[in-house]
Amino acid sequence: MRLATWNVNSVKARLPRLLAWLDETRPDVLCLQETKCRADLFPAAEVAELGYETAAHGDGRWNGVAVLSKAGLENISLGFPGEPGYGGEDLESPEVAQIELPELVEAAALPGPEARAIGATCGGIRVWSLYAPNGRTPASAHYRYKLDWFAALRAALADEVAEGRPLVACGDFNVAPDDADVWDPSVFVDSTHVTAPERQALAELRALGLHDVVPTPMKGPFPYTYWDYRAGMFHKNMGMRIDLFYATEALSGRVAAAYVDREARKGKGPSDHAPVVVDVQDDD
DNA sequence: ATGCCGTCTCTCAGACGA
């Protein structure tokens, strides 16, 4: 079974490259992030021609996740239990407290979850495609939201892991697990993606029994999965490993190969992320 | 370097990304 995860940075803009990549790489299951696509507008017919069923979760301009599968697609979950939404700035602050439109206060106080998680069962494996909040800066409300989102994810996955079935939680976690996972740690001092609380959130996921399946880089010593579009970062290999593949212990023990498909980051019109491909041996 | 590129939309400017 071949599993993969890829932040495509718009499924509409990436569709020709996505279809070519599917045809060439032929994963059984592909988790997508940043589809930036309403679920009902997802190009399901196009991927169906290549044999894939689609489960999509998206509400338009931002975020958006999906699972494509040739191995079955059951028990689809749009988001996870307890998933928080972005609550904005502190409602206790005097400035915000003066808002007198009840419906706005209500909407701000009860934010709905964004389209950042979709789960499905594919060929006996529970699969989660995840797109963690960016966090922007550690002082930002978006950073608090990011940590809250990870805490809720941990609680939701704890229940599923406890069921004992093979499970994969993969996608764009927007956290570099270690200093070796960014091209220059000195550039990221006081930035998101590398702070201790974010790394602790990953450690708590691993403490559930999830193993970080680290892919082979294919070029250079570091398995980066993201390179900024700007300033020739990709060609200088100034990247980050933020797209992660966390698998339950029994499943990670069946991993035969894992690699970053950096070829998909080359050429005309790429995503700024490369896919991570993981081959798992059949269960005996 | 508050820059660089790319994508989106109540588009020709601003927000967002990491």
Side-chain angles (χ1 to χ4, degrees), chain A residues 5-18 21 32-43 56-66 85-89 107 111 114-117 129-147 149-150 170-199 201-202 222-244 260 262 264-276:
Chain A
T5 182
W6 192 10
N7 178 324
V8 285
N9 186 18
S10 169
V11 71
K12 188 179 299 182
R14 215 64 59 216
L15 187 58
R17 290 192 63 133
L18 171 63
W21 186 86
L32 296 172
Q33 301 86 36
E34 278 205 271
T35 55
K36 298 184 176 178
C37 182
R38 244 168 53 194
D40 61 314
L41 297 178
F42 192 95
H57 184 29
D59 45 31
R61 181 175 187 180
W62 304 115
N63 315 310
V65 285
Y86 176 63
E89 302 302 323
E114 299 173 314
R116 296 184 175 278
S129 177
L130 304 169
Y131 176 50
N134 173 290
R136 301 195 186 177
T137 67
S140 160
H142 291 271
Y143 179 80
R144 184 69 249 164
Y145 166 48
K146 182 178 193 175
L147 296 179
W149 187 89
F150 270 114
C170 64
D172 181 354
F173 284 55
N174 268 324
V175 180
D178 190 85
D179 278 352
D181 295 312
V182 298
W183 58 274
D184 183 354
S186 71
V187 171
F188 291 86
V189 173
D190 297 327
S191 296
T192 57
H193 295 63
V194 301
T195 67
E198 290 168 281
R199 288 175 170 170
L202 296 187
F222 305 109
Y224 299 143
T225 62
Y226 161 86
W227 301 260
D228 197 300
Y229 283 122
R230 295 169 287 188
M233 298 285 271
F234 177 66
H235 295 99
K236 296 180 220 169
N237 200 26
M238 297 158 75
M240 307 172 75
R241 184 171 81 95
I242 54 176
D243 299 271
L244 307 178
V260 180
R262 63 188 307 283
R265 182 62 179 78
K266 296 179 178 178
K268 182 177 170 56
S271 170
D272 44 2
H273 295 250
V276 173

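Model, not experiment: these values are computed from the prediction. Each chain gets a letter, A, B and so on, in the order its sequence line appears, and its residues count up from 1. Below, all heavy atoms of this structure are taken into account, side chains as well, without hydrogens, waters or symmetry copies.
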Asker: Look up atom CG in A:Leu32 and atom CG in A:Asp172, then write down how far apart they are to the nearest 0.5 Å.
Answerer: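 A:Leu32 CG to A:Asp172 CG: 12.0 Å, rounded to 0.5 Å.
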Asker: Looking only at atom C1', what distance separates B:dC4 and B:dT9, rounded to whole Å?
Answerer: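 About 23 Å, rounded to a whole number of Å.
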Asker: For atom P, what is the distance between B:dA13 and B:dT2, given to the nearest Å?
Answerer: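 The same atom, P, in both gives a distance of 24 Å.
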Asker: Figure out the CZ/C1' separation between A:Arg136 and B:dT2, and round it to whole Å.
Answerer: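 So the two atoms are 15 Å apart, to the nearest Å.
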Asker: Measuring to OP1 and OP2 of B:dA18, would you say a side-chain N or O of A:Thr192 lies under 4.0 angstrom away?
Answerer: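 For A:Thr192, the contact criterion (side-chain N or O under 4.0 Å from OP1 or OP2 of B:dA18) is not met.
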Asker: Quick one: do A:Asp179 and A:Arg199 make a salt bridge, cutoff under 4.0 Å?
Answerer: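 Counted as a salt bridge, because a side-chain N and a carboxylate O are separated by less than 4.0 Å.
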Asker: Quick one, which residues of residues 171-189 of chain A touch DNA chain B with a heavy atom under 4.0 Å?
Answerer: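 Only A:Asp172, A:Asn174 qualify.
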Asker: A:Phe234 has an atom CZ; how far is it from atom C1' of B:dG6, in whole Å?
Answerer: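 Rounded to the whole Å, the gap is 16 Å.
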Asker: Starting at NZ of A:Lys268 and ending at C1' of B:dC5, how long is that distance when rounded to a whole Å?
Answerer: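 Going from A:Lys268 (NZ) to B:dC5 (C1'), I get 13 Å.
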Asker: Find the distance A:His142:NE2 to B:dC16:C1' and express it as a whole number of Å.
Answerer: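 Rounded to whole Å, this separation is 10 Å.
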Asker: Considering non-hydrogen atoms only, spot the tightest contact between A:Ala274 and A:Trp227 and give its length.
Answerer: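 Nearest heavy atoms, A:Ala274 then A:Trp227: CB-CZ3, 3.7 Å.
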Asker: Looking at B:dG17, I'd like to know if its phosphate oxygens (OP1 or OP2) sit under 4.0 Å from a side-chain N or O belonging to A:His273.
Answerer: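 Answer is no, no contact under 4.0 Å.
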Asker: Using atom C1' of each nucleotide, how far apart are B:dC8 and B:dC12 to the nearest Å?
Answerer: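 These two C1' atoms come out 14 Å apart once rounded.
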Asker: Taking any heavy-atom pair under 4.0 Å as a contact, classify A:Met240: base, sugar-phosphate, or nothing.
Answerer: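 Counting heavy atoms under 4.0 Å across all strands, the contact made by A:Met240 is with sugar-phosphate only.
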Asker: Enter the distance from A:Gln33:CD to A:His273:NE2 here, rounded to the nearest 0.5 Å.
Answerer: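 If I round to the nearest 0.5 Å, the distance is 8.5 Å.
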Asker: Please state how far atom OH in A:Tyr226 lies from atom P in B:dG17, giving the value in whole angstrom units.
Answerer: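 The distance from OH of A:Tyr226 to P of B:dG17 comes to 11 Å, rounded to the nearest Å.
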Asker: Can you confirm whether A:Leu244 sits close enough to A:Pro177 that some side-chain heavy atom of one is under 4.5 Å from a side-chain heavy atom of the other?
Answerer: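 Side chain of A:Leu244 against side chain of A:Pro177, heavy atoms only: contact under 4.5 Å found.
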Asker: Could you check A:Leu18, A:Leu15, A:Thr35 and say which one makes a side-chain contact (heavy atoms from CB on, under 4.5 Å) with A:Pro43?
Answerer: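 It is A:Leu15, the one option of A:Leu18, A:Leu15, A:Thr35 that forms the side-chain contact (heavy atoms from CB on, under 4.5 Å) with A:Pro43.
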Asker: Check this one for me: any side-chain N or O of A:Arg61 less than 4.0 Å away from OP1 or OP2 of B:dT7?
Answerer: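 No, no such contact exists.
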Asker: Are OP1 or OP2 of B:dA1 and a side-chain N or O of A:Arg230 less than 4.0 angstrom apart?
Answerer: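 Indeed not, no polar side-chain atom of A:Arg230 lies that close.
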Asker: Within this structure, what is the CE-OH distance for the pair A:Met233 and A:Tyr224, rounded to the nearest 0.5 Å?
Answerer: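 It is 10.0 Å, given to the nearest 0.5 Å.
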Asker: Do the non-hydrogen side-chain atoms of A:His142 and A:Asn134 ever get within less than 4.5 Å of each other?
Answerer: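 They are not in contact (no side-chain heavy atoms under 4.5 Å apart), so the answer is no.
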Asker: Using the closest heavy atom to pick a nucleotide of DNA chain B for each, name whichever of A:Asn63 or A:Ala231 lands nearer the 5' end.
Answerer: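 That would be A:Ala231.
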Asker: Measure CH2/A:Trp227 against C1'/B:dG6 and give the value in whole Å, please.
Answerer: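 Going from CH2 in A:Trp227 over to C1' in B:dG6 covers 17 Å.
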Asker: Rounded to whole angstrom units, what separation is found between the CZ atom of A:Arg241 and the P atom of B:dA18?
Answerer: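 Going from A:Arg241 (CZ) to B:dA18 (P), I get 16 Å.
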Asker: Looking at the base of B:dA18, is there any donor atom on it, or on the side chain of A:Asp228, that sits under 3.5 Å from an acceptor on the other one?
Answerer: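 Checked by distance alone, the answer is no.
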Asker: Using a cut-off of less than 4.0 Å, is there contact between a side-chain N or O of A:Tyr131 and OP1 or OP2 of B:dA18?
Answerer: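 Indeed, a polar side-chain atom of A:Tyr131 lies that close.
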Asker: Starting the side chain at C-beta, find the nucleotide from B:dC16, B:dC4, B:dT7 nearest to A:Asn9.
Answerer: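 In terms of side-chain proximity for A:Asn9, the closest of B:dC16, B:dC4, B:dT7 is B:dT7.
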Asker: In whole Å, measure the gap between the P atoms of B:dC10 and B:dG6 for me.
Answerer: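 Nearest-Å result for B:dC10 against B:dG6 at atom P: 23 Å.
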Asker: Roughly, in whole Å, what's the span from OH in A:Tyr229 to C1' in B:dG3?
Answerer: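 Going from A:Tyr229 (OH) to B:dG3 (C1'), I get 18 Å.
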Asker: Please measure how far the C1' atom in B:dA1 lies from the corresponding atom in B:dT11, and state the result in whole Å.
Answerer: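 Looking at atom C1' only, B:dA1 and B:dT11 are 27 Å apart.
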